[in-house]
Amino acid sequence: MKLRVAKPEEMDIILGWAAKEGWNPGLADAHVFLASDPKGFFVAENKSDIVAAISVVNHSEDMAFLGLYLCRPDFRGQGIGYALWQHALAHAEGRTVGLDGVAEQQANYAKSGFIRAGSSIRFEGQMPQEADPRVRAARSEDLLRLIELDTTANGYPRSDFLTGWLSTTETRRTVVLEASRYCTGFATVRRCQSGVKIGPIIADNTSDALALAGAAVAELPSGAVIIDVPSENADLCSALQDLGFVETFATARMYRGAAPVSGSNRQAIATMELG
């Protein structure tokens, strides 16, 4: 068994496994994920076939995020996944590591020093497509400001990730909210294998968050909308439920090391794979 960095062409295989697990990845997530940290994706190889995968993406000098922890069903129960887990965590090199893990695995994650700090709740429903005069499509010159807003929201910078995540493509759009010609929030929507996901949503309040979400869906219309909300954001959870959204999934947000201090403008996370 060989543990190594994943090759770029293997990212589609890994996300295909994620799709089979029901994680519903974005249609064009592979290259954005890889550009965030090309050395942060790992596989276990057996006789030229990859049988397990994991990512530990270094976002900044102090913060990394773990995700895409997967093992082929026919290779489970052999210790391969855990060996790859330990191998990949070394890539963090002393950084705090966050993850969004299924709740039933909390005890296993705790054995590696992860402590629960909350949860991420997945809501699915239909979002009214509403234009708002304060919201417009993002432009390239907005990037530095959006990174600044995201850094405040999450408590650490992740410039490499956002440079790709916020780019406009056929399957991905970002909208920004302006006040007196100054960006105060933004949201990204991307097409997934089923419906669209909106995230992150960075806004000062729930009303602005919903305005951004409505404008984002207008950019990529879909009857099925998915938003992953931090559990502490009770106001947005309640507002989505009032719109008919239902909770379909939840993960334990855990950290090994000092947890970052998130800002009040973090309304919804970008992705459970990279934070």
Side-chain angles (χ1 to χ4, degrees), residues 15-30 32-33 65 67-70 98-106 118-132 135 153-154 165-166 169-175 185-203 205-254 262 265-275:
L15 290 176
W17 292 350
K20 289 181 179 180
E21 293 293 327
W23 297 358
N24 193 23
L27 296 181
D29 281 354
V32 177
F33 283 2
F65 205 88
L68 292 172
Y69 187 34
L70 297 152
L99 62 80
D100 270 309
V102 291
E104 57 266 27
Q105 292 296 327
Q106 285 183 62
S119 63
S120 297
I121 305 171
R122 174 157 294 175
F123 287 97
E124 297 189 27
Q126 294 183 334
M127 175 63 64
Q129 301 173 26
E130 296 182 357
D132 189 302
V135 180
N154 289 285
W165 196 255
L166 301 180
T169 69
E170 185 178 347
T171 63
R172 190 185 308 268
R173 300 282 195 280
T174 295
V175 295
F186 71 93
T188 297
V189 59
R190 75 193 197 278
R191 291 207 183 279
C192 299
Q193 294 202 350
S194 175
V196 299
K197 291 181 182 177
I198 305 176
I201 302 176
I202 308 299
N205 52 61
T206 300
S207 177
D208 287 351
L210 294 176
L212 283 162
V217 175
E219 291 284 325
L220 290 180
S222 175
V225 176
I226 300 165
I227 303 175
D228 296 330
V229 183
S231 57
E232 66 268 21
N233 193 350
D235 287 346
L236 184 56
C237 291
S238 178
L240 290 173
Q241 289 171 327
D242 288 343
L243 289 172
F245 278 71
V246 296
E247 179 183 335
T248 60
F249 186 70
T251 63
R253 173 58 68 97
M254 306 180 77
S262 59
N265 61 337
R266 186 180 69 157
Q267 301 288 337
I269 65 173
T271 165
M272 290 184 179
E273 290 78 27
L274 269 72

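- Ser207 is linked by a side-chain contact (heavy atoms from CB on, under 4.5 Å) to Asn205, counting only residues two or more places apart in sequence or in another chain.
- Taking CG of Leu15 as the start and CG of Asp29 as the end, the distance is 6.5 Å to the nearest 0.5 Å.
- Sorted by first then second residue, the salt bridge (charged side-chain N to carboxylate O under 4.0 Å, His left out) pairs that include residues 210-221, not counting sequence neighbours, are Arg173-Glu219.
- Under the rule for a salt bridge (Lys or Arg N to Asp or Glu O under 4.0 Å), the partners of Glu232 that lie at least two apart in sequence or sit in another chain are Arg266.
- Glu21 is linked by a salt bridge (Lys or Arg N to Asp or Glu O under 4.0 Å) to Arg76, counting only residues two or more places apart in sequence or in another chain.
- Atom CZ of Phe123 and atom OG1 of Thr248 lie 9.0 Å apart (nearest 0.5 Å).
- The side-chain contact (heavy atoms from CB on, under 4.5 Å) search around Gln106 returns Ala103, Arg116, Ala252, Met254, not counting sequence neighbours.
- Listed by chain and residue number, Asp100 satisfy the side chain to side chain donor-acceptor pair (under 3.5 Å) test with Thr251 (two or more places apart in sequence, or in another chain).
- Residues meeting the side chain to side chain donor-acceptor pair (under 3.5 Å) test with Ser262, sequence neighbours left out: none.
- Across all their heavy atoms, Leu220 and Thr171 have their closest contact at CD1-O, 3.4 Å.
- Scored by the side chain to side chain donor-acceptor pair (under 3.5 Å) test, Asn154 finds Asp150 as partners (sequence neighbours excluded).
- The side-chain contact (heavy atoms from CB on, under 4.5 Å) test applied to Ser231 returns Ser119, Ile121, not counting sequence neighbours.
- The number of heavy atoms from other shown groups lying within 6.0 Å of CD (Glu170) does not exceed 12.
- Here Ala203 pairs with Asp208, Ala209, Leu212, Gln267 under the side-chain contact (heavy atoms from CB on, under 4.5 Å) rule; sequence neighbours left out.
- Here the side chains of Leu68 and Trp17 are not in contact, with every heavy-atom distance at 4.5 Å or above.
- Residues forming a side chain to side chain donor-acceptor pair (under 3.5 Å) with Ser238 (at least two apart in sequence, or on another chain): none.
- Here the CZ-OG1 distance, from Arg191 to Thr169, works out to 10.5 Å after rounding to the nearest 0.5 Å.
- Atom-to-atom distance recorded for Lys197:NZ and Ile269:CD1 is 9.0 Å, nearest 0.5 angstrom.
- Remark: Asp132 engages Arg134 in a salt bridge (Lys or Arg N to Asp or Glu O under 4.0 Å) (not counting sequence neighbours).
- Thr271 places a side-chain heavy atom less than 4.5 Å from the side chain of Phe33.
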